[in-house]
Amino acid sequence: RSIMQKENHKILKTKLRQSFLALRSAILPARQEEGAKKLLELLKNRGRILSFYSIGSEINLFPLNRYLASKKRLMSNRLDDGILVPYHVEKEEELSISSLGIPEPNKSHKAKLSEIDLILVPGLAFDRDHYRLGYGKGLYDKLLSTTEDIPSAGVGFREQLSENPLPR
């Protein structure tokens, strides 16, 4: 691509991020709570899950994560040397806050990819072609490129579903 095309692509992604963040931020608390409950019901029997801890206006994964941790089926990522690495979460009380302000597990129980049944993926927007628009650091893109055939699911509210294909 030309420099101009790359610049237009970056501008488009930035505008889409701002737009979908505003949509997500406008979701009312009652609907956010309803989404968290539905997610727990949908995923509580799905096996061993590599989840994430919600920040800002993301769908609240704390109830699901708490349930999975109590069943010893929760894994979460930790940012190690600029890459996401999955670890078992034995007790949520052991989480610490990363440099990005995100709760992350301690380094005592690294998870193997073969132990993961499903990967939950955050994002600002998702499209019907299974692409996502993340926050721009590429951390999940790098992780997912190493997970072979482990199923992954973008997690969010219906307002985050783009009717148009997202930029790649």
Verdict with supporting geometry, N77 and L50, side chain to side chain contact (heavy atoms under 4.5 Å, CB included)
CA-CA 7 Å; N77 290 307; L50 176 59; 3.7 Å; yes
To the nearest 0.5 Å, tell me how far S57 OG sits from L23 CG.
10.0 Å
Nearest 0.5 Å please: distance from the CD atom of E92 over to the CG atom of L68.
9.5 Å
Beyond-backbone contact of E94 with P103, side-chain heavy atoms, under 4.5 angstrom:
no
Do the non-hydrogen side-chain atoms of L95 and E104 ever get within less than 4.5 Å of each other?
no
Using side-chain hydrogen bond (donor to acceptor under 3.5 Å, both in side chains) as the criterion, point out the one residue from K110, R73, H109, E115 that pairs with H88.
E115
Spell out, as yes or no, whether a donor-acceptor pair under 3.5 Å connects the side chain of D117 to the backbone of R48.
yes
For E90 and K72, indicate whether the former's side chain and the latter's backbone hold a donor-acceptor pair under 3.5 Å.
no
Ionic contact status for [Y] with [X], cut-off 4.0 Å:
{"X": "K37", "Y": "E33", "result": "yes"}
{"X": "R132", "Y": "D141", "result": "yes"}
{"X": "E159", "Y": "R31", "result": "yes"}

Residues forming a side-chain contact (heavy atoms from CB on, under 4.5 Å) with T146, sequence neighbours excluded:
L143
Contacts of I102 that satisfy side-chain contact (heavy atoms from CB on, under 4.5 Å) - sequence neighbours left out
I55, S98, L100
Under the criterion side chain to side chain contact (heavy atoms under 4.5 Å, CB included), I'd like the reasoning laid out for S76 against Y87: C-alpha separation, chi angles, the key distance, then a yes or no.
CA-CA 6 Å; S76 186; Y87 287 87; over 6 Å; no
Does the Lys NZ or Arg CZ of R168 fall within the cation-pi geometry relative to Y131 - under 6.0 Å from the ring centre and within 45° of the axis?
yes
